[in-house]
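Written out below as structure tokens is the structure these notes cover.
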Amino acid sequence: MLKLRTMRTDNAGASITADGDSRITPIGRILRKTKLDELPELWNVARGDMSLVGPRPEVPQLVDLESPLWREVLLHRPGITDPVTLRLRNEEELLASASNPETFYREVLQPYKLRGYAEYGRLRSTVSDVRVLVDTALAVLRPSRVPPPTLDELQG
């Protein structure tokens, strides 16, 4: 998956990135906030490695291939955007507010994402994909248009 580099590579860190992570460069903060770091993924779409709409790729060490839900999600080609990613535009802020970001990701955010990816995969259609693309474009222009999920929604 191609992306613009937004983090320093000179130090190791967690596999997740919270808002305020010292590895993020000043330009990287802008690219991440505006989602411009995702633009090179259009090349992955053109090559057929990704689709415009589909579950976001996950860091390999966070994928549980024994999980039936993971296996269901992995049947779909990864995408640049999807309804879950759209709702979690503030993911880095959510992680920064957690006392233990990695635990919060593994126990709250990742299960929320998986449930959403699987549900969308079951109901997906061309019309719903077009709607997600339109909503994504609008959210990039007006981020407040898509409210983030509440903690109760995240914990399902």
Side-chain angles (χ1 to χ4, degrees), residues 1-10 12-19 21 23-25 27-95 101-102 105-143 145-149 153-154 156:
M1 181 174 86
L2 297 174
K3 288 182 83 169
L4 294 176
R5 181 171 300 284
T6 60
M7 299 175 73
R8 292 177 185 82
T9 60
D10 55 347
S15 56
I16 59 162
T17 308
D19 198 31
D21 190 312
R23 298 172 296 168
I24 302 173
T25 66
I27 297 293
R29 288 189 203 296
I30 295 167
L31 293 173
R32 284 171 168 266
K33 190 74 168 171
T34 60
K35 304 297 183 190
L36 290 173
D37 62 323
E38 309 285 345
L39 282 178
E41 291 175 14
L42 291 172
W43 178 249
N44 293 103
V45 172
R47 288 182 40 184
D49 299 330
M50 292 181 74
S51 63
L52 289 174
V53 179
R56 291 292 297 161
E58 181 61 89
V59 176
Q61 60 262 35
L62 297 179
V63 175
D64 176 9
L65 295 175
E66 301 300 316
S67 162
L69 196 54
W70 261 116
R71 287 196 306 269
E72 179 181 349
V73 168
L74 292 172
L75 291 174
H76 303 281
R77 188 178 308 227
I80 294 176
T81 189
D82 66 273
V84 176
T85 302
L86 196 53
R87 291 282 322 270
L88 287 177
R89 284 181 51 82
N90 68 333
E91 183 175 338
E92 288 184 3
E93 294 167 26
L94 287 168
L95 289 166
E102 184 120 13
Y105 184 81
R106 287 180 184 269
E107 295 178 3
V108 178
L109 285 180
Q110 190 180 53
Y112 174 82
K113 287 178 172 186
L114 283 172
R115 288 189 307 268
Y117 293 158
E119 181 180 333
Y120 188 74
R122 290 181 209 122
L123 305 173
R124 187 176 183 182
S125 70
T126 302
V127 172
S128 65
D129 281 1
V130 169
R131 183 78 214 149
V132 168
L133 291 171
V134 169
D135 288 346
T136 299
L138 293 173
V140 168
L141 297 173
R142 274 192 40 217
R145 186 179 191 284
V146 181
E153 287 176 298
L154 288 173

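For reference, positions follow the sequence shown, starting with 1.
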**Study point:** By salt bridge (Lys or Arg N to Asp or Glu O under 4.0 Å) - contacts of E58 (at least two apart)
**Key:**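 Per chain and number, E58 pairs via salt bridge (Lys or Arg N to Asp or Glu O under 4.0 Å) with no residue.
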
Exercise for review: Apply salt bridge (Lys or Arg N to Asp or Glu O under 4.0 Å) to R77 and list each qualifying residue two or more places apart in sequence or on a separate chain.
Suggested key: none

Point to revise | R56 side-chain N/O to I80 backbone N/O, donor-acceptor pair under 3.5 Å | key: yes

Point to revise | Side chain T34, main chain I30, donor-acceptor under 3.5 Å | key: yes

Revision key, fill the gap. Those residues at least two apart in sequence (or on a different chain) that pass side-chain hydrogen bond (donor to acceptor under 3.5 Å, both in side chains) with S51 are none

Check your understanding: With N90, which residues qualify under side-chain hydrogen bond (donor to acceptor under 3.5 Å, both in side chains), at least two apart?
Key ->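 With sequence neighbours excluded, N90 shows a side-chain hydrogen bond (donor to acceptor under 3.5 Å, both in side chains) to no residue whatsoever.
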
Please report the interatomic distance [atom1]([X]) to [atom2]([Y]), rounded to the nearest 0.5 Å.
{"X": "L114", "Y": "L109", "atom1": "CG", "atom2": "CG", "result": "11.0 Å"}
{"X": "L52", "Y": "T136", "atom1": "CG", "atom2": "OG1", "result": "9.5 Å"}
{"X": "T81", "Y": "D135", "atom1": "OG1", "atom2": "CG", "result": "9.0 Å"}
{"X": "E91", "Y": "T85", "atom1": "CD", "atom2": "OG1", "result": "8.0 Å"}
{"X": "I24", "Y": "R5", "atom1": "CD1", "atom2": "CZ", "result": "13.0 Å"}

**Study point:** Inter- and intrachain pairs under side chain to side chain donor-acceptor pair (under 3.5 Å), touching residues 59-72, at least two apart
**Key:** E72-R122

Check your understanding: For the residue pair L62 and Q110, what are the closest heavy atoms and their distance?
Key ->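 Heavy-atom minimum between the residues: O-NE2, 2.9 Å.
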
Practice item. Provide the closest heavy-atom pair for P149 versus L88 in the form atom of the first, atom of the second, distance. Key: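 Minimum heavy-atom contact is CG-CD2, 3.7 Å.
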
Residues two or more places apart in sequence or in another chain: which of them pass side chain to side chain contact (heavy atoms under 4.5 Å, CB included) with [X]?
{"X": "D129", "result": "V53, Y120, R124"}
{"X": "V127", "result": "S125"}
{"X": "P40", "result": "L2, L4"}
{"X": "P57", "result": "M1, M50, P78"}

**Study point:** Pairwise side-chain contact, L74 with V63, heavy-atom cut-off 4.5 Å (strictly under)
**Key:**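 A side-chain contact under 4.5 Å exists here.
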
Point to revise | Within 6.0 angstrom of I27 CD1, more than 12 heavy atoms from elsewhere | key: no

Practice item. Any pair with a residue in residues 27-36 that passes salt bridge (charged side-chain N to carboxylate O under 4.0 Å, His left out), sequence neighbours left out, goes on the list, sorted by first then second residue, please. Key: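 Checked against salt bridge (charged side-chain N to carboxylate O under 4.0 Å, His left out) - neighbours excluded - the pairs reaching residues 27-36 are R32-E92, K33-E93.
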
**Study point:** Pairs where residues 78-89 contributes a residue and the test salt bridge (charged side-chain N to carboxylate O under 4.0 Å, His left out) is met, not counting sequence neighbours
**Key:**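 The answer is R87-E153.
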
Point to revise | Ionic contact status for E119 with R115, cut-off 4.0 Å | key: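 Salt bridge flag = no for E119 with R115.
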
